[in-house]
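As structure tokens, the structure follows; a few thoughts come after it.
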Amino acid sequence: MTPLELFLVALAGLGAGAINSLVGSGTLITFPTLITFGVPPVTATMSNAIGLVAGGVSGTWGYRRELRGQWPTLRWQIPASISGALIGSWLLLHLPETVFETVVPVLLVLALVLVVLQPQIQKWVLRRTDGDPDGRIGPVRMTLLVVGTFAVGIYGGYFTAAQGILLMGLFGALLTEHIQRQNATKNLLSLIVNIVAASAYILVAFERIDWTVAALIAVGSLIGGYLGARFGRRLSPTVLRAVIVTVGLVGLYRLLA
């Protein structure tokens with residue numbers, strides 16, 4: 001790559017880190033950028049996942065206050081994310097990328113619908129299930145939450161783009177906590193998936209990774225993740241939901257284009 005292209009990769013990493021803190025579809029910035037500059041798709045996917053780990057760390061750290069008190073659900077979700085990411089990573093290394101071409105846009109549309117309808121869904125959940133406004137949930141919703149987290153982990157291990165939107169859609173349908181606390185959980189689980197996937201890529205396909213690209217994205221996303229958390233946690237639920245939907249629609253367009 002030329003110096004200008006390398007700079008643009010780092011800049012894309014910064015934007016991806018910020019968007020991942022807010023929404024969770026930063027890969028839809030970095031992945032097309034790498035493809036445009038001639039990086040092979042699988043190499044781009046693996047290098048990008050490794051680079052975005054840094055942004056996930058800074059974004060999760062920025063939302064650490066909102067994570068307090070969430071261990072009762074996280075202790076089940078974290079193993080689900082790890083196991084799902086392992087399966088997704090295996091799929092990336094063994095299956096053609098065309099496998100999810102139809103499934104990914106459908107999942108993204110469903111997630112966006114859930115995000116838009118989140119307030120109404122939460123009210124319905126409180127009336128129909130075993131939960132309460134304080135965030136405690138019973139066995140039915142807990143099971144659905146863990147299974148859904150596992151499924152998103154598989155998707156994230158295979159193709160990291162928009163896994164955050166899928167998680168926010170899942171949380172909106174099942175949880176009653178403030179959207180900023182849901183966003184904090186999304187950042188942590190997405191980070192875990194990326195760490196597992198990145199570790200698998202390094203162990204199994206070290207020679208296929210573009211380390212220059214990964215390093216540039218890491219530096220950019222580290223800064224972007226911090227900035228996204230710093231300013232994103234100040235947004236109102238309505239504004240944050242609007243940002244999620246807007247970025248999701250752009251990502252959907254780029255996936256279908």
Side-chain angles (χ1 to χ4, degrees), residues 1-21 23-60 81-82 84-101 104 153-165 187 189-228 247 250-251 254-255 257:
M1 293 186 189
T2 66
L4 176 60
E5 290 173 340
L6 293 174
F7 171 76
L8 292 176
V9 168
L11 190 62
L14 188 149
I19 289 177
N20 276 344
S21 292
V23 184
S25 60
T27 294
L28 296 176
I29 294 178
T30 48
F31 183 77
T33 300
L34 297 180
I35 295 299
T36 300
F37 294 153
V39 180
V42 174
T43 297
T45 299
M46 293 189 292
S47 305
N48 179 63
I50 292 170
L52 289 180
V53 167
V57 171
S58 59
T60 300
S81 288
I82 292 173
L86 287 171
I87 295 174
S89 302
W90 184 90
L91 291 175
L92 177 66
L93 295 169
H94 292 83
L95 296 179
E97 291 188 29
T98 55
V99 171
F100 285 174
E101 280 186 353
V104 170
I154 295 175
Y155 169 86
Y158 183 90
F159 184 58
T160 55
Q163 65 170 315
I165 294 178
N187 284 344
L189 295 178
S190 297
L191 171 61
I192 289 171
V193 170
N194 276 0
I195 289 176
V196 172
S199 299
Y201 303 154
I202 292 172
L203 289 173
V204 179
F206 186 91
E207 71 285 352
R208 301 177 67 181
I209 297 167
D210 188 325
W211 289 101
T212 299
V213 163
L216 290 171
I217 292 176
V219 172
S221 68
L222 183 68
I223 299 171
Y226 170 78
L227 294 176
V247 175
V250 173
R254 300 193 73 165
L255 283 172

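Positions are given from 1 along the sequence.
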Mind listing the closest non-hydrogen atom pair of G225 and S21 along with its distance?
-> O-OG, 3.0 Å
Identify the two heavy atoms, one from S81 and one from L189, that lie closest to each other, and give their separation to 0.1 Å.
-> OG-CD2, 3.6 Å
Does the side chain of N187 reach to within under 4.5 Å of the side chain of N20, using non-hydrogen atoms?
-> no
For S221, check side-chain hydrogen bond (donor to acceptor under 3.5 Å, both in side chains) against everything at least two apart and list the hits.
-> none
T33 and L8: which non-hydrogen atoms are nearest, and at how many Å?
-> CG2-O, 4.5 Å
Can you name the side chain to side chain contact (heavy atoms under 4.5 Å, CB included) partners of S58, sequence neighbours left out?
-> L222, Y226
Taking only residues two or more places apart in sequence, or in another chain, which ones meet A44 in a side chain to side chain contact (heavy atoms under 4.5 Å, CB included)?
-> F31, L34, I35, V39
Listed by chain and number, what are the side-chain hydrogen bond (donor to acceptor under 3.5 Å, both in side chains) partners of N48, not counting sequence neighbours?
-> T27, T30
Atom of A218, atom of A54 and distance for their closest heavy-atom approach = O-CB, 3.4 Å
Tightest non-hydrogen contact, residues I50 and A214, listed as CG2-CB, 4.2 Å
First locate atom OG of S190, then atom CD1 of I195, and finally report the distance between them rounded to the nearest 0.5 Å.
-> 11.0 Å
Quiz: residues 203-211 side-chain donor-acceptor pairs under 3.5 angstrom, not counting sequence neighbours:
{"unit_1": "D210", "atom_1": "OD1", "unit_2": "T212", "atom_2": "N", "d": "3.2"}
{"unit_1": "D210", "atom_1": "OD1", "unit_2": "V213", "atom_2": "N", "d": "3.2"}

Search all heavy atoms of L191 against all heavy atoms of T60 and return the closest pair with its distance.
-> CD2-OG1, 3.7 Å
Under 3.5 Å, which donor-acceptor pairs link side chains of residues 85-94 to any protein atom two or more places apart or in another chain?
{"unit_1": "S89", "atom_1": "OG", "unit_2": "A85", "atom_2": "O", "d": "2.8"}
{"unit_1": "W90", "atom_1": "NE1", "unit_2": "H94", "atom_2": "ND1", "d": "3.4"}
{"unit_1": "H94", "atom_1": "ND1", "unit_2": "W90", "atom_2": "O", "d": "2.8"}

